[in-house]
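Below: one structure, written as structure tokens.
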Protein chains: 2
Amino acid sequence: MSVNKNISIAKIQCKCTQLSSLLSALSHPQRIMILGHLAKGEKTVTELQRLCKVSQSQLSQFLIRMKLQGLVTCSRKGRFQYYAAKDKKIIKLIEAIQAIFC
Amino acid sequence: MSVNKNISIAKIQCKCTQLSSLLSALSHPQRIMILGHLAKGEKTVTELQRLCKVSQSQLSQFLIRMKLQGLVTCSRKGRFQYYAAKDKKIIKLIEAIQAIFC
DNA sequence: TTAATATATTATTATATTGTAATATGTCAA
DNA sequence: TTGACATATTACAATATAATAATATATTAA
């Protein structure tokens, strides 16, 4: 009983830690914008650069960070790197945020 | 036309900036947990301290930060300070996050 | 192979956030 | 008014993040 309660508290805390790093990875104006675009379909780094008006270096760093955090995936096709929202959950998240606040 | 487009891009960027500070204010395991509890109803600082296992000082700082960011409100009743989720939007946000990831 | 394009990496400085301890303030009951 | 409880503030060291410039790596076309 007390043990189960502790386990469930541990689980909740663990979830909150995961969630907070996920939200941190999204907590930047440009990264929100980037994910907003990727939620509509995959884009190359160059396309994102045009859409988001951000320096090449920073864009690359943002994308890599979001990839490490599990927000996006990428796959190279020829000389372009295509980035996309990682999965349905991520798309739902950004859409929910937009639906609530925009 | 080009003017309108620029205005709308400016609006989107502005929204993204607001959103990112809102998400930053939520981007901490304890703050997510705190808001999760507050979404179910107002609580005193002492109650939150028991629920979230966080030091008094840090809890106070977290709450004040979330208040400044517009995530929560507070009202003193006697010697207790009651905190609550600020509005429907905030409750929807935390509930959406929980629904998607928990 | 070379030039051009696309993307990633590194290094660095500036700024922000976290955690903690110590102290201060506000409110009530006795 | 004093003591006890509830909450806020301040100060500080440690760590994380942001922005920028410079350089490196990959891929393709010629």
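Letters A, B, ... are given to chains in the order of the sequence lines, protein chains preceding strands, and every chain is numbered from 1. As a basis for the values below, the full set of heavy atoms in this structure was taken, side chains included, without hydrogen atoms, waters or symmetry mates. Here the structure is a predicted model, which means the values were calculated and not measured.
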Nearest-angstrom distance from the residue atom NE2 of B:His28 to P of D:dT15
15 Å
Main-chain N/O of B:Ile34 paired with B:Lys43 side-chain donor or acceptor, under 3.5 Å:
no
Residue whose nearest DNA chain D nucleotide is more 5′ - A:Arg76 or A:Ser55:
A:Ser55
Under 4.0 Å between any heavy atoms, over every strand shown, what does B:Thr46 touch: base, sugar-phosphate, or nothing? Just pick one.
sugar-phosphate
Distance in angstrom units between B:Glu42 CD and D:dT7 P, rounded
12 Å
Using a heavy-atom cut-off of under 4.0 Å over every strand shown, decide if B:Tyr83 touches base, sugar-phosphate, or nothing.
sugar-phosphate
NA contact type, B:Ser24, heavy-atom cut-off 4.0 Å: base, sugar-phosphate, or nothing?
nothing
State, to 0.1 Å, how close B:Ala39 and B:Ile94 come at their nearest heavy-atom pair, and which atoms those are.
CB-CG2, 3.7 Å
Return yes if the base of D:dA19 and the side-chain atoms of A:Ser57 contain a donor-acceptor N/O pair under 3.5 Å, otherwise no.
no
Provide, to the nearest angstrom, the distance between the CD atom belonging to A:Gln49 and the C1' atom belonging to C:dT5.
12 Å
Please answer whether the main-chain N or O of B:Gln13 pairs with a side-chain N or O of B:Thr17 as donor and acceptor at a distance below 3.5 Å.
yes
Quick check on C:dA4: is either OP1 or OP2 less than 4.0 Å from any side-chain nitrogen or oxygen of A:Arg79?
no
Whole-Å gap separating C1' (D:dA19) and CD (A:Gln30):
11 Å
For a quick check of understanding: with a heavy-atom distance under 4.0 Å over all strands, which category does A:Gln81 fall into, base, sugar-phosphate or nothing?
sugar-phosphate
Main-chain N/O of B:Tyr83 paired with B:Glu42 side-chain donor or acceptor, under 3.5 Å:
no
Ignoring backbone atoms, establish whether B:Arg31 has a side-chain N or O less than 4.0 Å from OP1 or OP2 of C:dT18.
yes
Tell me whether A:Glu47 contacts the main-chain N or O of A:Thr44 through its side chain, where contact means a donor paired with an acceptor under 3.5 Å.
yes
In this structure, how many angstroms lie between the P atom of C:dT17 and the CG atom of A:Leu23, rounded?
15 Å
B:Lys53 NZ to C:dG19 C1', in whole Å, measures 19 Å
How close or far is atom P of C:dA8 from atom CD of A:Gln56, stated in whole angstroms?
8 Å
The criterion is ring-ring contact (aromatic ring centres under 6.0 Å, His included); which residues satisfy it with A:Tyr82, sequence neighbours excluded?
none
Neighbours of DNA chain C within residues 59-71 of chain B, by heavy-atom distance under 4.0 Å:
B:Gln61, B:Phe62, B:Arg65
Would you say that A:Leu48 contacts A:Phe62 through its side chain, given a criterion of any heavy-atom pair below 4.5 Å between the two side chains?
no
Nucleotide D:dA26, atom C1' - distance to OH of A:Tyr82 in whole Å:
16 Å
